[in-house]
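Computed from a predicted model, the values in this text were never measured in an experiment. The residues of the chain are indexed from 1 along the displayed sequence.
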Amino acid sequence: KGCSILNVSKEEVLNKPCFDTFVPVEDRERTKEGFHLLMKGELVNVEEFENHIIDIDGNRRLIKWNNTILTNESDEIVGSLSSGEDVTILRQQQNEMVKAKESAEKANKAKNSFIAKMSHELRTPLNGIIGFSQYMDMLNLNEEQKDSLKHIKKCGENLLGLIEDILDLAKVESNKIDIKNEPFSILDIVHDLEKLFGEPLAEKELYFEKQIHSKVPLILVGDALRLK
């Protein structure tokens with residue numbers, strides 16, 4: 001297996017200085033020094049390590065070594081038994097995964113920044129519409145006008161809630177989403193949905209049918225906006 005990694009035959013490997021033949025020039029002195037310290041017993045935790053080698057064609061390969069220190073009866077170090085595994089492709093894949101993760105995190109950060117900016121830009125005019133509808137509600141309006149004004153205000157509030165939901169997408173990713181737990185009327189929910197979708201459906205010659213099971217309480221507790 002080692003010969004296949006180095007792209008050589010057994011005869012080409014025998015009696016050749018390993019460090020000077022197969023270790024890159026820039027790593028040779030450090031590798032030799034490390035081996036000498038190992039033989040002196042001055043290195044610890046060297047059961048596994050990785051370093052580069054070069055094959056007969058000059059291609060760099062990253063090898064993961066597993067080492068066993070050999071000792072004699074006097075517990076003196078007499079050698080090292082090493083086996084190597086080519087992890088070049090594995091490390092390249094891991095590096096690519098790290099780069100992809102960093103790229104995804106960067107894109108996600110940019111997305112969250114864009115969402116936050118756009119939500120601010122949208123909320124400003126919406127708050128103006130809601131505020132103006134509240135002002136008009138104090139005027140002397142007939143019942144039909146009040147009902148239309150209430151519908152405008154409710155649609156604005158729903159749209160504002162949708163913007164908040166968009167922001168919640170970023171909160172979900174960081175496990176920071178907050179679900180409201182407040183009492184609300186199921187009849188109000190259905191009425192608002194009917195107002196919101198009734199006219200567009202009628203234009204398509206469809207109709208909005210509502211049914212509330214008799215066992216459903218009229219007052220529920222939860223997040224009314226997300227239920228819509």
Side-chain angles (χ1 to χ4, degrees), residues 1-120 164-181 223 226:
K1 185 176 180 181
C3 291
S4 64
I5 293 174
L6 296 171
N7 198 24
V8 295
S9 65
K10 292 181 180 179
E11 291 72 20
E12 291 176 296
V13 175
L14 291 175
N15 300 320
K16 282 195 175 183
C18 176
F19 297 135
D20 293 333
T21 305
F22 301 113
V23 176
V25 174
E26 63 273 17
D27 295 338
R28 285 176 188 171
E29 292 305 319
R30 178 172 56 85
T31 304
K32 289 180 181 179
E33 179 64 22
F35 182 76
H36 292 322
L37 292 175
L38 175 65
M39 290 298 98
K40 293 179 181 179
E42 297 179 10
L43 285 183
V44 295
N45 299 325
V46 290
E47 288 79 10
E48 291 187 2
F49 72 93
E50 296 178 3
N51 74 326
H52 285 97
I53 64 170
I54 50 177
D55 63 20
I56 198 67
D57 298 317
N59 300 311
R60 294 175 68 97
R61 313 297 299 176
L62 182 62
I63 306 300
K64 178 181 179 182
W65 297 98
N66 291 282
N67 305 297
T68 301
I69 304 300
L70 303 177
T71 59
N72 59 20
E73 295 178 354
S74 302
D75 205 29
E76 297 172 334
I77 297 176
V78 295
S80 171
L81 181 62
S82 303
S83 62
E85 177 187 2
D86 188 349
V87 294
T88 306
I89 295 178
L90 176 62
R91 294 294 179 261
Q92 288 175 348
Q93 292 173 340
Q94 290 175 337
N95 291 335
E96 289 172 359
M97 289 177 63
V98 170
K99 291 179 181 179
K101 181 175 180 292
E102 291 174 349
S103 178
E105 290 174 346
K106 184 177 180 181
N108 188 58
K109 184 177 180 181
K111 178 201 69 177
N112 290 340
S113 176
F114 172 78
I115 289 175
K117 182 177 180 180
M118 288 304 300
S119 67
H120 173 74
E164 294 295 336
D165 279 346
I166 293 173
L167 279 178
D168 282 343
L169 291 176
K171 295 179 181 178
V172 167
E173 293 172 355
S174 57
N175 296 320
K176 294 181 179 178
I177 189 170
D178 296 320
I179 302 296
K180 293 182 179 180
N181 196 30
D223 197 317
R226 287 186 174 84

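- Not a single donor-acceptor pair under 3.5 Å links the side chain of Asn108 to the backbone N or O of Ala104.
- The minimum heavy-atom distance between Arg91 and Lys64, with the atom names listed, is NH2-CD, 4.5 Å.
- With a 4.5 Å cut-off on side-chain heavy atoms, Ile63 and Val87 do not count as touching.
- From Leu62, atom CG reaches atom CD of Glu85 across 10.5 Å, with rounding to the nearest 0.5 Å.
- The minimum heavy-atom distance linking Val23 with Arg28 is given by the pair O-NE, 2.7 Å.
- Contact check on Glu105 versus Lys101 returns a salt bridge, with a Lys/Arg side-chain nitrogen under 4.0 Å from an Asp/Glu carboxylate oxygen.
- Between Thr88 and Arg60 the shortest heavy-atom distance is CG2-O, 4.5 Å.
- Note that the CD atom of Glu102 and the NZ atom of Lys106 stand 10.0 Å from one another [nearest 0.5 Å].
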message = Between Thr31 and Asn51, does the side-chain contact (heavy atoms from CB on, under 4.5 Å) criterion hold? Intermediate values first, please.
response = CA-CA 9 Å; Thr31 304; Asn51 74 326; 4.2 Å; yes

